[in-house]
Amino acid sequence: MSTTVLAIDSATIKSGFALVEFKGSTIKLLDWGTIQVKGALHERLNKLRARVLELAEEHEPTHVAVEDLKFNRGTPNLSSMAKVAMAVGSVNCAFAQAGYSEVESITANSVRKTWDVSQNKAALRDAINKKFINQIKDNGRPDGFKKSDEDTTDAIGLAVAVWAKLPKE
């Protein structure tokens, strides 16, 4: 039996997504990319919700995931983080609309710990490139993921980290 995780790295303009399948010791990237939205904030949030709903209905993953935000008064830009929290809420609404009663979530720090990388996004991207380079090459990306793909690699990292924390059958 396989497990599939649809993970969303939420943002208000460019969100990453990844659908990853886990079957035994095999991990396969099934779909990935970014969801780019434009317009006023409420329009972007609605477009994000609609696209996540499409992805969930199209792929019917066994689990869905979104990053658990952690911020405090020392966070440099609380206004920006509040908007990201709204994006997370839109993603959660999409998953609920698609019929998922549980949404998995873990922090970015936990994702990096799962991958055994530093706080550096580049280190996570490099680890993902190393793990999946053959699959990435087979999908027309001979040089792997680049810095401009960080939203996508964050979502891939999230999917794998969530799966690692799920109870195994």
- Taken in chain and number order and not counting sequence neighbours, the residues that satisfy ring pair (Phe, Tyr, Trp, His ring centres under 6.0 Å) with W115 are none
Hey, can you pull the donor-acceptor pairs under 3.5 Å for the side chains in residues 44-55, sequence neighbours left out?
{"from": "R44", "atom 1": "NE", "to": "T12", "atom 2": "O", "distance (Å)": "2.8"}
{"from": "R44", "atom 1": "NH1", "to": "G39", "atom 2": "O", "distance (Å)": "2.8"}
{"from": "N46", "atom 1": "OD1", "to": "R49", "atom 2": "NE", "distance (Å)": "3.2"}
{"from": "N46", "atom 1": "OD1", "to": "R49", "atom 2": "NH2", "distance (Å)": "3.0"}
{"from": "K47", "atom 1": "NZ", "to": "K38", "atom 2": "O", "distance (Å)": "2.9"}
{"from": "R49", "atom 1": "NH1", "to": "Q97", "atom 2": "OE1", "distance (Å)": "2.9"}
{"from": "R51", "atom 1": "NH1", "to": "E54", "atom 2": "OE1", "distance (Å)": "3.1"}

- Message: For a quick test of reading the model, state the closest non-hydrogen atom pair linking P61 to L6 and the distance between them.
- Response: CG-CB, 3.6 Å
- Query: When clusters are formed by joining ILVMFWY residues with side-chain heavy atoms under 4.5 Å apart, either directly or through shared neighbours, do L124 and W163 land in the same one?
  - Reply: yes
- Got D9 and E150 here, is their nearest side-chain heavy-atom distance under 4.5 Å? no
- Note on the structure: Sequence neighbours excluded, the answer for ring pair (Phe, Tyr, Trp, His ring centres under 6.0 Å) partners of Y100 is none
- Task: Start with the C-alpha distance between D126 and K130, add both sets of side-chain angles, then the distance that settles side-chain contact (heavy atoms from CB on, under 4.5 Å), and finish with yes or no.
- Result: CA-CA 6 Å; D126 291 345; K130 184 177 179 182; over 6 Å; no
- Item | Step-by-step side-chain contact (heavy atoms from CB on, under 4.5 Å) determination, L166 to K168 | CA-CA 6 Å; L166 291 174; K168 305 302 183 258; 4.1 Å; yes
- Message: Checking A123 now: which residues fulfil side-chain contact (heavy atoms from CB on, under 4.5 Å) with it, not counting sequence neighbours?
- Response: V117, S118, N120
- Got a salt bridge between R125 and D149, using NZ or NE/NH1/NH2 to carboxylate O under 4.0 Å? no
- Task: Identify whether V84 and I8 are in the same connected component of the hydrophobic contact network (ILVMFWY, side-chain heavy atoms under 4.5 Å).
- Result: yes
Only distances under 3.5 Å count here; give the side-chain donor-acceptor pairs of residues 13-25 to other protein atoms, sequence neighbours excluded, each with its distance to 0.1 Å.
{"from": "K14", "atom 1": "NZ", "to": "S148", "atom 2": "O", "distance (Å)": "2.9"}
{"from": "S15", "atom 1": "OG", "to": "A11", "atom 2": "N", "distance (Å)": "2.9"}
{"from": "S15", "atom 1": "OG", "to": "A11", "atom 2": "O", "distance (Å)": "3.0"}

- Task: Treat each ILVMFWY residue as a node, draw an edge where side-chain heavy atoms are under 4.5 Å apart, and state whether M81 and V91 are in one component.
- Result: yes
- Message: According to a hydrophobic-cluster definition based on side-chain heavy atoms being under 4.5 Å apart (Ile, Leu, Val, Met, Phe, Trp, Tyr only), do V88 and V5 belong together?
- Response: no
- Kindly work out whether a path of hydrophobic side-chain contacts (I/L/V/M/F/W/Y, heavy atoms less than 4.5 Å apart) joins I156 to I35. no
- Message: Checking the side chain of N129 only, and the main-chain atoms of F145 only, is there a donor and an acceptor separated by less than 3.5 Å?
- Response: yes
- Contacts of type side-chain contact (heavy atoms from CB on, under 4.5 Å), residue T62, not counting sequence neighbours: T3, T4
- Taking the side chain from N139 and the backbone from Q135, do they hold a donor-acceptor pair closer than 3.5 Å? yes
- Message: Measuring only between side-chain heavy atoms, which start at C-beta, is T34 closer than 4.5 Å to D151?
- Response: yes
- State, yes or no, whether a side-chain contact exists between L30 and H59 at a heavy-atom distance under 4.5 Å. no
- Distance col, row I27:CD1 vs F132:CZ, nearest 0.5 angstrom, shows 5.0 Å
- Message: To the closest 0.5 Å, what do you measure between OG1 (T107) and CG (L158)?
- Response: 10.0 Å
- Query: Ignoring hydrogens and geometry, is there a side-chain-to-backbone donor-acceptor pair from E67 to V111 under 3.5 Å?
  - Reply: no
- Between G144 and I133, which heavy-atom pair has the shortest distance, and what is it? CA-CD1, 3.8 Å
- Lys/Arg N to Asp/Glu carboxylate O, D143 vs K146, below 4.0 Å: yes
